[in-house]
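As structure tokens, the structure follows; a few thoughts come after it.
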Amino acid sequence: MNRRAIVAANWKMNGSLALVNSMVSELNNVTLNENVEVVVCPSFPYLAAFSIASSNVNLPTAFSLGAQNLSEHAKGAFTGEVSTSMLQEFGVNYVIVGHSERRSIYKETSTLVAQKIKAALAAGLQPILCIGESEDERVAEQTNVVLAAQLQPVIDEIGIEKFADVVVAYEPVWAIGTGKTASPEMAQTTHQFIREFIAKIDESVAVKVPLLYGGSVNATNCEELFAQADIDGGLIGGASLKAEEFKIICSAAKG
Ligand code: PEP
């Protein structure tokens, strides 16, 4: 089966209005393989600008807008939070949930991550669920245990049928922003574990879910990573801020 592939840009707390405008015009002339979607996730203040700039240049529908976080609540007294309906008003289709920086710095638990995934799906937003082990956990051979413990609460919260609408990004924490990438073989072995974990609950869901690799993906290593059977694209941090490099990564993805 040809799964859709996704290349998602996580700008984190970087970027500017100037980057929004230059990236939109650069992306307008990138060549994508069939079944590939590109999602750009800037900080909240830039979502509106990105949405307007992309409609001004008629960016093809293969390009979507994503947010980096959302509130699990619909509205109310939650200072500093952003709801699903607010994101939708600005043309957002995707939302990153449970990035390791949110789990470690902002102490988001897997229970909260599961609630956010539920809120995103209920509103029709496609969540990109980030999971991944720390270096100590990999050295202690706990990778699969950690990944299972991050996946199961989400499946328990939303049910396996709805999990078909989730995109999973496997991001080993030790590879994020460090320049240390998992080897293509190591990434494939872990992606295969994730797919088999889902398949043990529902095989038809497992074959549909796009599994993205994230962690120091760049223009040099993307080709080999994306050639792996269970890697359906990537979640790109640092390299997504450089239009030329990001375009190479987008073109390397295969659906
Ligand atoms: C990320 O922040 O999700 C990420 C993968 O970052 P980088 O590509 O810079 O490692």
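Starting from 1, each residue takes its place in the sequence as its number. Just so you know, ligand 1 is whichever comes first in the structure, and atom 1 is the first atom listed for that ligand.
Using a non-hydrogen distance threshold of 4.0 Å, A175 registers as a contact of ligand 1. At least one heavy atom of G215 sits less than 4.0 Å from an atom of ligand 1.
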Check the pair T143, E137 against side chain to side chain contact (heavy atoms under 4.5 Å, CB included), reporting the backbone distance first and the verdict last.
CA-CA 6 Å; T143 299; E137 289 161 344; 5.6 Å; no
Side chain to side chain contact (heavy atoms under 4.5 Å, CB included) between E72 and V97: does it pass, once the steps are laid out?
CA-CA 10 Å; E72 71 280 23; V97 184; over 6 Å; no
Report the C-alpha separation of V167 and L129 in whole Å, then their side-chain angles, then the decisive distance to 0.1 Å, and conclude whether the side chain to side chain contact (heavy atoms under 4.5 Å, CB included) test is met.
CA-CA 6 Å; V167 176; L129 165 66; over 6 Å; no
Tell me, with the steps shown, if K254 and E34 meet salt bridge (charged side-chain N to carboxylate O under 4.0 Å, His left out).
CA-CA 7 Å; K254 289 164 196 70; E34 217 178 308; over 6 Å; no
Output, in order, the C-alpha distance, side-chain angles, deciding distance and verdict of salt bridge (charged side-chain N to carboxylate O under 4.0 Å, His left out) for E244 and K247.
CA-CA 5 Å; E244 281 313 314; K247 279 161 65 177; 3.7 Å; yes
Please determine whether side chain to side chain contact (heavy atoms under 4.5 Å, CB included) holds for the pair I249 and K242, giving the CA-CA distance in whole Å, both sets of side-chain angles, and the decisive distance to 0.1 Å.
CA-CA 11 Å; I249 298 170; K242 297 171 236 158; over 6 Å; no
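For atom 1 (C) of ligand 1, the nearest non-hydrogen atom from the set E101, H99, K180, Q68 comes from H99. Considering only non-hydrogen atoms, atom 8 (O) of ligand 1 lies nearest to G237 out of S240, G179, A169, G237.
When each atom of ligand 1 is checked for a heavy atom of L235 under 4.0 Å away, the hits are 3 (O), 5 (C). For ligand 1, the atoms sitting less than 4.0 Å from at least one non-hydrogen atom of I176 are 1 (C), 2 (O), 4 (C), 6 (O), 10 (O), numbered in the order shown with element in parentheses. Those atoms of ligand 1 with a heavy atom of N10 less than 4.0 angstrom away are 1 (C), 2 (O), 3 (O). Near K12, meaning under 4.0 Å from any of its heavy atoms, are these atoms of ligand 1: 1 (C), 2 (O), 6 (O).
Of the residues H99, K116, R103, the one that meets the side chain to side chain donor-acceptor pair (under 3.5 Å) test with E108 is K116.
Scanning all protein heavy atoms for the shortest distance to atom 9 (O) of ligand 1 gives G238 N, 2.8 Å. Here the protein heavy atom with the shortest distance to atom 3 (O) of ligand 1 is E171 OE2, 2.7 Å.
When only interatomic distances are considered, the shortest N/O to N/O separation between G177 and ligand 1 falls below 3.5 Å.
Under a hydrophobic-cluster definition in which Ile, Leu, Val, Met, Phe, Trp and Tyr are linked whenever side-chain heavy atoms come within less than 4.5 Å, directly or via other members, F50 and M86 are assigned to the same cluster.
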